[in-house]
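Working notes, structure below.
Owing to the predicted nature of the structure, the values given are computational and were not obtained by experimental measurement. All values below come from the heavy atoms of this structure, side chains included, with hydrogens, waters and symmetry mates left out. Reminder, nothing fancy here: chain letters follow the sequence lines and each chain counts from 1.
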There are 2 protein chains.
Amino acid sequence: MSERSSLFAGRVRHTAAPGLPPGGVEGPRRRILEAALTLFARRGFHGTSVRDLADVLEQQPSALYKHFPSKEHVLAALVQHGYAMHHQTLLDGLLTVGASPVDQLHILVEVNARSHAQWPLLAIVVHEELHALPEALLGPVVALRDASAALLLRILQRGSAEGCFDVVDLPTTAAAIGAMGVRIPLWFHPGLGLDIDTMAHRQALLALRMVGATTSSKASR
Amino acid sequence: MSERSSLFAGRVRHTAAPGLPPGGVEGPRRRILEAALTLFARRGFHGTSVRDLADVLEQQPSALYKHFPSKEHVLAALVQHGYAMHHQTLLDGLLTVGASPVDQLHILVEVNARSHAQWPLLAIVVHEELHALPEALLGPVVALRDASAALLLRILQRGSAEGCFDVVDLPTTAAAIGAMGVRIPLWFHPGLGLDIDTMAHRQALLALRMVGATTSSKASR
DNA sequence: GTCTATACTATGATAGAC
DNA sequence: GTCTATCATAGTATAGAC
């Protein structure tokens, strides 16, 4: 339980390449984003200088400014990429199930967990470096995050209204379910002998337990 | 659900004074720690300069170096203070209950939640800025954190062995329970119309649900 | 124990040649 | 689109007077 594992705090563990999900940008912009992703995840946005980034890329700092107008724009692109991918993942998951809140919560938690486990560097940067974005770059990005949160809240509300959930307290429960996913990059890694799909499935079971809905057509191990 | 609330990410919200729990240091060192706490929580360790800190204190940067040998030592003192207070809180809580794993899990989650809700600035700095500490200052501090994590794990293991818990998966469950507490400073605030004790009690209920132990002598609302 | 003054380095970003 | 060279500022930390 040591080697600096952590249920309560920590930072990123392994430097899984590529780190950045496919899609969106390509070419030199992508190369820069991948390098920045690793550095920001390990040392933080303010802990990473433009020179550090240029060193990893084996380029001069000035070369980066042909692709991004500032260091902050690099972070903004990463966060945007992360939230967009994540939100799309949630929507894709929801499309695979029916109208049952139980099934919807199950799949939402499952794909959320898979997403965080599969792209831990991106999850870290998005969650822990967002505060470094200036207001101007924050707005568009936060809208996507709020949309994802709203999905969870709506499912919990519908499940309560329909009587299939027994939700103790909406904000506390939603926050607990969200927290479970967000923290994945800080403790989960392949070396645990627990594969991503199993872990994701078990998080879904935990979420269903939290809302008092132990039975699910999808929950049968 | 907007105004930048956040189930999935965020930063600190309100600047509740004093922010730093009582005990330990006093005098000028304490004044410095309190100012640093607010700044580190809001802008991060690397996002805060010694000049920023001196400005808040209405002193010259050089004055700080009579009390701390470096900026990193200020962070180390904060993290140490935070982990020590937190661990003591957990132990104090456990002393108030008997040998039942159900009661022990209940009280552990409850006092953990209260601690995070009451000292959100400190929790933020401890959890999100720990990575900025150099190895030399990290060791002693991390030992306390691991001891706290071990308490939770042992309770879960005992409860499983005694048959009062049905734990789906030890690391996943422990991480989920820990995550729930760690994220409190990012969404909970007094303005929600949910007081600390109620929220803490409900987190304890959620934890008991996660381990399949819905009944508890302390859990009766 | 605080001040003024300053050393020295690192930082984000730009200019202009190729 | 990358390079060399450089600017202006901000960074951590120290020296020495009071």
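Remark: side-chain polar atoms of Thr38(B) are paired, donor with acceptor, to backbone N or O of Glu34(B) under 3.5 angstrom.
With Leu108(A) as reference, Ile155(A) is the one residue of Leu91(A), Thr89(A), Ile155(A), Asp103(A) to meet the side-chain contact (heavy atoms from CB on, under 4.5 Å) rule. A side-chain contact (heavy atoms from CB on, under 4.5 Å) with Gln80(A) holds for exactly one of Val141(A), Leu75(A), Val126(A), Leu137(A); it is Val141(A).
For the pair Glu58(A) CD and dT2(D) C1', the computed distance is 14 Å after rounding to whole Å. Rounded to an integer number of Å, the gap from CD of Glu72(B) to C1' of dG11(D) is 13 Å. Rounded to an integer number of Å, the gap from CG of Leu53(B) to P of dG11(D) is 12 Å. Between Phe68(B) atom CZ and dG1(C) atom P there is a gap of 12 Å when expressed in whole angstrom units. In this structure, the CG atom of Leu64(A) is 11 Å from the C1' atom of dT2(D), given to the nearest Å. Remark: C1' of dA13(C) and CD of Gln59(A) are 16 Å apart, rounded to the nearest angstrom. We find that CZ of Arg29(A) is positioned 13 Å from P of dT2(D), with the value rounded to whole Å. If you measure from atom CG of Asp52(B) to atom P of dA13(D), you get 14 Å, rounded to the nearest angstrom.
A heavy-atom distance below 4.5 Å is found between the side chains of Ile177(A) and Leu156(A).
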message: What verdict does the side chain to side chain donor-acceptor pair (under 3.5 Å) test give for Ser115(B) and Asn112(B), after you've listed the backbone C-alpha separation in whole Å, the side-chain angles of each residue and the deciding distance to 0.1 Å?
response: CA-CA 5 Å; Ser115(B) 172; Asn112(B) 178 64; 5.9 Å; no
message: Using the rule given for side-chain contact (heavy atoms from CB on, under 4.5 Å), can you reason through His46(A) versus Phe45(B), listing the C-alpha separation, both sets of side-chain angles and the distance that settles it, and then say yes or no?
response: CA-CA 8 Å; His46(A) 289 301; Phe45(B) 176 77; over 6 Å; no
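Comparing Pro61(B) and Ser70(A) by the nucleotide of DNA chain C whose heavy atom lies nearest to each, the residue mapping closer to the 5' end is Pro61(B).
For His67(B), a side-chain nitrogen or oxygen approaches OP1 or OP2 of dT2(C) to under 4.0 Å. An OP1 or OP2 oxygen of dT2(C) is reached within less than 4.0 angstrom by no side-chain nitrogen or oxygen of Gln60(B).
Among the nucleotides dT14(C), dT2(D), dA13(D), the one closest to any side-chain atom of Ala63(A) is dT2(D).
Base engagement by Lys66(A) is indicated by at least one non-hydrogen atom pair under 4.0 Å involving a base atom.
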Nucleotide N/O to protein N/O under 3.5 Å, stretch nucleotides 5-10 of chain C:
none

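A ring-centre distance under 6.0 Å is found for His116(A) and His127(A).
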